[in-house]
Engineer: 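Got a structure for you, written out below as C-alpha cells; questions coming shortly.
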Amino acid sequence: MLYRRTAQVFVELADTLVAGFDVIDFLQSLAERAVEIFDVDAAGILLADPRGTLTLVAASSEEVRLLELFQLQEEEGPCLDCYRSGTEVTCADLSVDPSQWPRFSAAARELGFSAVHAFPLRLRDQVLGAIGLFNAAPRELPEDTTTVAQALADVATIGILNERTLREHQVVTEQLHFALNSRILLEQAKGMLAERARIDVGEAFAVLRKYARDHNRTLSSVSQELIDNRAGMTDLIAAARKRTG
Amino acid sequence: MEQQRAERVWGLIYAHARADGLPISIDTICHACADAFGATGVTIALTGDLAVYEPVSVTGPAAHRLADLQITLGEGPALAALTDRRTVLVPDLGSPEAAVRWPVLAPAAVEAGIRSVHVFPLLLGAIACGVLEISHADTRLLTPDEIGDAMIFADAALLIQTHQLVNPDAGPTDLQLGQVERWAEVHQATGMVAAQIDADLTTAFVRLRAHAYVAGRSLREVAQDVVARTLRMEPWTPNGAPNGAPNGESED
C-alpha cells in the first residue's frame with residue numbers, strides 16, 4: 001500500500017517537472033501528499049535561500065506552519081538540526097527528553113504534536129532544506145517508511161535544483177542580452193552624436209561619458225535617450241559642439 | 001568519454017592561451033577552434049534585441065566576408081541556426097539545395113572562398129544566445145567525432161562570454177568582446193545615418209545594408225566610409241526622389 005501510493009506521487013512529481021513548473025506549488029503538494037502516504041498528521045518544508053537562510057515554503061496545516069515558524073524564530077528544533085547536519089533527525093516522543101529542544105518541545109505539545117521525523121533535502125554534499133513529518137500521538141516510523149520518506153525528499157531536491165538551474169539560465173541569458181544590447185546602443189549613440197554635433201566618434205564617446213558622469217547617469221540610459229529623442233538632448237549636443245569649438 | 005573530450009578541447013584552448021601569454025578570451029577560443037579544424041574561418045556571434053547576429057570574434061578574411069554577407073542579406077546558415085536553435089551543417093554551399101535555401105548568399109559565399117560551413121548554436125537552456133561557425137574552403141562534412149569537439153568549443157565560447165556577467169560586480173559594459181572593432185563601425189554608421197536621414201535606427205540600418213548590396217560592397221566598407229564622412233545619406237523627399245544626389249547618397 002505504502003509503495004503503491006508512493007509510486008503514484010513519484011509519477012505526479014515527475015509530471016510537475018516538465019512544463020509550467022512552479023516550485024512552491026510543487027512543495028505544497030508534496031507536503032500534503034506526504035501526510036497521506038506516511039500516515040502522519042502534518043508535514044512542513046523548510047528551504048534555504050542561496051545565503052543559507054531557512055524559510056518556510058510549504059505546510060499541510062496551520063498548526064505545523066506555526067510550529068515550523070517557531071523553529072525558525074527560536075533557532076531551535078529538529079528540522080533545523082536536520083538541515084544543519086544533513087541527516088535524518090527523529091524524536092518518537094517529545095515528552096520523554098524535553099531537554100534536547102526545550103522551547104520547541106513545549107510549543108509542539110501546545111499545538112498538539114508529540115512526535116517528529118525530519119528528513120534532509122539533500123543532493124550529494126548540498127543540503128537545500130528539510131521536510132518535517134509530525135504526529136499528534138507518540139510514534140516511531142517503521143524503517144521502510146523512513147526509506148521511502150528519504151526517497152521522496154530526494155525527488156523534491158531534484159525538482160528544486162532543476163527549477164533553480166532553469167531560473168539561473170534565464171538570468172544569465174538576460175544578462176548576456178542586456179550586455180550585448182548596451183554595447184550596440186552605445187555605438188549607435190556615438191554615431192548619432194558625432195553626426196549631430198559634427199565631431200568624430202571618438203570624441204562623441206568622451207562627450208557621452210562626461211555627460212553621463214556629470215548627470216550621475218549610466219552610459220546606457222544617456223545613449224537610449226539620445227536615440228529615442230532624435231531632436232532632443234540639446235544640452236548634450238551643445239556640450240559636444242562647444243568641446244570642439 | 002565525453003569528459004575526456006571536454007578535457008582535450010579545453011586543453012587545446014589553454015595551450016593557445018599559454019602560447020599567446022594571455023588569459024583565455026573569446027578570441028582564444030576562436031583561434032583554437034580554427035587551428036583544431038584547420039578552418040578557413042571561424043566566427044563567434046551573439047544575438048540580442050538590437051542585432052540578430054552580432055559577430056564578437058572572427059578569424060580569417062573569408063569569415064569576415066561571410067558574416068558581412070549574412071548581415072547585409074539577412075539570410076544564411078548562422079541565421080537559420082539562431083532561428084531554429086539547432087545545428088546547421090552545410091557540406092557544400094555550391095549544391096542545388098544550398099542555392100534553393102539561400103539563393104543570394106550561397107553563391108556569394110562560394111565566390112568569397114567558403115564552400116562548406118558548420119554552425120553550432122550557443123544554447124543556454126532553450127534559448128540560443130549566439131552561434132559558433134566553422135568554415136572551410138573545400139566541401140566537407142565534419143565527422144560525428146569532430147561535431148562533438150565543435151560543441152565543446154561552442155560551450156566554451158558561451159562560458160567565456162557569460163562567466164564575467166555572472167560575477168555580481170560586473171556591469172553591462174563588462175562584456176569582453178574580441179578583436180572585431182570593425183563591426184562597431186557598422187553600429188556607429190547606423191547612428192550617423194539615422195541623424196542624416198532623420199529616421200529611426202532600424203530604417204537607417206536598412207539603408208546601409210541596401211547601399212552595400214546595390215553597390216556590391218561589404219557592409220563594413222560602407223560603414224567605414226560613413227564614419228570617415230566620405231559617404232553620407234540624404235533623406236527621401238515626399239515625392240520619392242531623394243534630395244540632392246540622384247540616388248540619395250553623395251560622395252564627398
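Order of the sequence lines fixes the chain letters, A, B, ..., with proteins taken first and strands second; residue numbering starts at 1 for each chain. What's counted below: heavy atoms across the whole structure, side chains too, no hydrogens, waters or symmetry copies.
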Engineer: Does A:N181 reach the main-chain N or O of B:G48 with its side chain, forming a donor-acceptor pair under 3.5 Å?
Structural biologist: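 The answer is no, because no donor-acceptor pair under 3.5 Å joins these two groups.
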
Engineer: Counting only heavy atoms not in A:R217 (residues, nucleotides, ligands), do more than 12 fall under 6.0 Å from its CZ?
Structural biologist: yes

Engineer: Tell me, out of B:A204, B:A195, B:A228, who's got the most heavy-atom pairs with chain A below 4.5 Å.
Structural biologist: B:A195

Engineer: Identify the heavy atoms of B:H187 and A:I184 that sit nearest to each other, and give their distance.
Structural biologist: ND1-CG2, 3.5 Å

Engineer: Where does B:A51 contact chain A at under 4.5 Å (heavy atoms): side chain, backbone, both or neither?
Structural biologist: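 For B:A51, heavy atoms of backbone and side chain both lie under 4.5 Å from chain A.
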
Engineer: Measure the CD1-CG distance between A:I227 and B:L201 for me, rounded to the nearest 0.5 Å.
Structural biologist: 5.0 Å

Engineer: Would you indicate whether A:E74, at its atom CD, is surrounded by more than 12 heavy atoms from other residues, nucleotides or ligands within a distance under 6.0 Å?
Structural biologist: yes

Engineer: Got more than 12 heavy atoms from elsewhere within 6.0 Å of OH, B:Y213?
Structural biologist: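 Counting other residues, nucleotides and ligands, OH of B:Y213 stays at 12 neighbours or fewer.
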
Engineer: Side-chain donor-acceptor pairs under 3.5 Å in residues 186-194 of chain A, sequence neighbours left out?
Structural biologist:
residue	atom	partner	partner atom	Å
A:E187	OE1	A:K190	NZ	3.1
A:E187	OE1	B:Q188	NE2	2.6

Engineer: Given side-chain contact (heavy atoms from CB on, under 4.5 Å), test A:R196 with B:Q196 step by step and report yes or no.
Structural biologist: CA-CA 8 Å; A:R196 285 184 62 188; B:Q196 288 166 6; over 6 Å; no

Engineer: So which part of A:L226 gets closer than 4.5 Å to some heavy atom of chain B, the side chain, the backbone, both or neither?
Structural biologist: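 A:L226 has no heavy atom closer than 4.5 Å to chain B.
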
Engineer: Quick test of your reading of the model: are B:R232 and A:E195 salt-bridged, counting only N-O distances below 4.0 Å?
Structural biologist: yes

